[in-house]
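Throughout, protein chains are lettered first and strands after them, A, B, ... in sequence-line order, and every chain is numbered starting at 1.
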Protein chains: 4
Amino acid sequence: MPKDTAILDAALDLFETLSYGSTPVPLVAERAGVGAGTIYRYFPGKEGVVNALYQRWKQALAAAVVDGLDRSQPAALIFEGIWRRLCGFATANPAAFAFLETHHHGPYLDAGSRGIATDLDRSMAGLLAEWQRAGSVRAGDPQLLVAQVYGGLVGVTRAYRDRGTELPPDLADQTIEGAWNLLASPSNRRRS
Amino acid sequence: MPKDTAILDAALDLFETLSYGSTPVPLVAERAGVGAGTIYRYFPGKEGVVNALYQRWKQALAAAVVDGLDRSQPAALIFEGIWRRLCGFATANPAAFAFLETHHHGPYLDAGSRGIATDLDRSMAGLLAEWQRAGSVRAGDPQLLVAQVYGGLVGVTRAYRDRGTELPPDLADQTIEGAWNLLASPSNRRRS
Amino acid sequence: MPKDTAILDAALDLFETLSYGSTPVPLVAERAGVGAGTIYRYFPGKEGVVNALYQRWKQALAAAVVDGLDRSQPAALIFEGIWRRLCGFATANPAAFAFLETHHHGPYLDAGSRGIATDLDRSMAGLLAEWQRAGSVRAGDPQLLVAQVYGGLVGVTRAYRDRGTELPPDLADQTIEGAWNLLASPSNRRRS
Amino acid sequence: MPKDTAILDAALDLFETLSYGSTPVPLVAERAGVGAGTIYRYFPGKEGVVNALYQRWKQALAAAVVDGLDRSQPAALIFEGIWRRLCGFATANPAAFAFLETHHHGPYLDAGSRGIATDLDRSMAGLLAEWQRAGSVRAGDPQLLVAQVYGGLVGVTRAYRDRGTELPPDLADQTIEGAWNLLASPSNRRRS
DNA sequence: GATGAATGAGTTTTCATTCAT
DNA sequence: TATGAATGAAAACTCATTCAT
């Protein structure tokens, strides 16, 4: 494994377990199997590590959600596709998904990291706005709807984490109905 | 203002702005208008401050949600009452509401703090379970439903925060329909 | 002794013995009889210490040279007065005098420190320019003459230092003739 | 250019700009156009580099001063020859000349380097002692006289450096009168 | 009780040096 | 022989906590 990847993986684990503030850099190094100084060859400093980590996973999340989406389908089906990808991503990378939420407001995140986060939100809001015009999604500020439905998924993953349980493979099945009904206009709601 | 309150208020502000890890205790003291040593007369240490802060606000939130709830009404109305109280609390105490979420997983929280958090979740889940038995809420693990709907509110408050906008007075109106439809069984859904 | 003075005195000793670059801050603290952290209460950092030290002694030197100078006397006598003050300062504070020279070009000196150094040079050059107009000092760029004659004193103090000998009380007597003849116009030279 | 010369040249530049203490070895290597490890093939370490540098230039200075000196001339003329050589050396190698002064007291200089420095001083002092016996130079400790007159030259080169100006080609003309008058016995002084 | 100057343990970071290639 | 990535020892600096006033 390349050293920068090893460092980011170690940092992800430790930042989630101990929090960013109380993870000493040498501990990240040890966990990554490299010398403490090596971290500074790959990243400009501790903040550089969090930001690289945040951007890496936020981009991975964005890619996972958007890649290969068939936009010709009805809204409910496209949404289901997105939701399944989101849940799949969270299940496959629970620590990374949690990390993205926990550190969303970290004062150590730089403009680049914040920018990536905003981009994803905006493109989702754009999709919702289309569906609102088509009548399949109810009225309301699309960015807030995205925030509410996405926040719901975050809440569920947190609940599993609080319980000490892994995210289940059928996470999407458990949550899709609530998620879609939160958004859908009356005639487009799910019945089962 | 009593000194312990002044200290907690200052800590709330600073922990939200700078994060717990990078807020020096002397800065909290300065902001609170007391000497650095004084903090140690009222709290056992920095961790004591976060925990007191967390418990204070989590209890305030629980009280705000539950107090004076009329349980004889139909589920949809009770839920609306709870939701309005929740939104009212978040609007009135946005920093505290954000703090509770941001620090939910802090490794510095002690058993007492975690316990309070769990209690509130559980009592909400109990209510939902009742409503499931009565047919007004759809099937599913009640704790996860609570987590999903509550996570939605957290998501919306974050979105406002990201925008740099205050939470609006009609926050509940904006979000209640989505929130209830996320939970409700088909025949109990809101139409507008 | 006030702590900041103790710190500066310890720093002076150590910077002269070990050089600025190889003096660890904790060693300065130990020598000053304070904790390592205390240095950062009084100075913004290691560079803050050198700069404070430089400014303190450069100002002391300027004061020692200029204070109570009787400008109504003939040039040769005024110069002798200045020279005796300079030599007296160097003899009384040999480490400080050496420090000022050794660190004159240190890249860690800030604008404030450089400014003080320049001020003293300029006021001496102004005096020389007067004497040139009066015919008692030979022609030439006054700033360079100041640099040459002052450099001579620095050279002599270095020579004593290299020998491991203290500066002698009659340093001025040993050097005044050469110093003045370096500057004087032919008819004003010293004969003994 | 041979690699060891490239390394020494790079080191000279950097040590003068950044000081010895804050010049990283890898930066010297980069500037010299070699790999960091290569420096350790030519020198035993960073201290080895400064010492080689010091000795190289101190020897070059000694050679420049002494080579081809016609000792049969009168003292004033021999001195003028030496002074012109000194000034020529400083003008041709200003960084090296400054380096020799700046690092004169560096605690990283070894016995070899200090020895070379002392040798040059002593041979100059010997010359002065001869001239004292012949009556052309005034009385006084010859080593101190050497130190004073040489210090004057150092002071002047510093002054140019402080101004950000290159040393002028007529440096010797500007300074020879002062230098010789500092040393000369009354009847041997220069008149213009 | 209240203070805040002082501390030193624990951070982040740098960089001379090594050694596998 | 030359390299430069990797290292870890040592540096600068921060800050939770104490305690004399």
Identify whether the distance between the nearest side-chain nitrogen and carboxylate oxygen of D:Arg161 and D:Glu101 falls below 4.0 Å.
no
Value in whole Å for how far the C1' atom of E:dA5 lies from CZ of C:Arg41:
5 Å
So do B:Arg41 and B:Ile7 actually touch side chain to side chain, heavy atoms under 4.5 Å?
no
Separation of F:dG8 C1' from A:Leu27 CG (nearest whole Å):
16 Å
For the pair B:Lys58 (side chain) and B:Leu120 (backbone), establish whether a donor and an acceptor sit closer than 3.5 Å, ignoring hydrogens and angles.
no
A:Met1 CE to F:dA6 P, straight-line distance once rounded to whole Å
14 Å
Mind calculating the distance between CD1 (B:Ile39) and C1' (F:dC15) to the nearest angstrom?
12 Å
Which letter, B, S or -, goes with each nucleotide of nucleotides 10-21 of chain E from 5' to 3', with contact meaning a protein heavy atom under 4.0 Å?
--BBB-SBB---
Could you walk me through whether B:Trp57 and B:Leu12 satisfy the side-chain contact (heavy atoms from CB on, under 4.5 Å) test, starting with their C-alpha distance in whole Å, then the side-chain angles of each, then the deciding distance to 0.1 Å, before giving a yes or no?
CA-CA 10 Å; B:Trp57 284 109; B:Leu12 176 59; 3.9 Å; yes
Between B:Glu30 (CD) and E:dT3 (C1'), how many Å, whole number?
14 Å
Grab the OH-C1' distance between C:Tyr108 and F:dA12 for me, whole Å please.
16 Å
If we only count heavy atoms from C-beta on, is the B:Thr102 to B:Glu16 side-chain gap below 4.5 Å?
yes
In whole angstrom, give the distance that lies between atom CD1 of D:Ile7 and atom P of F:dG4.
13 Å
Is any side-chain heavy atom of C:Asp4 closer than 4.5 Å to a side-chain heavy atom of C:Phe43?
yes
Rounded distance in Å - NZ (A:Lys3) to P (F:dG4):
17 Å
For DNA chain F, just give me the dot-bracket, please: Watson-Crick or G-U, both distances below 3.5 Å, ( ) intra-strand, [ ] crossing earlier pairs, | paired with another strand, . unpaired.
.||||||||||||||||||||
Return the orientation label for the C:Tyr54 and C:His104 ring planes: parallel under 30°, perpendicular over 60°, tilted otherwise.
tilted
Presence of C:Tyr42 side-chain N/O under 4.0 Å of E:dA5 phosphate oxygens OP1/OP2
no
Heavy atoms, side chains only, cut-off 4.5 Å: are D:Tyr108 and D:His103 in contact?
yes
Flag for D:Asp121-D:Thr118: side-chain donor and acceptor within less than 3.5 Å:
no
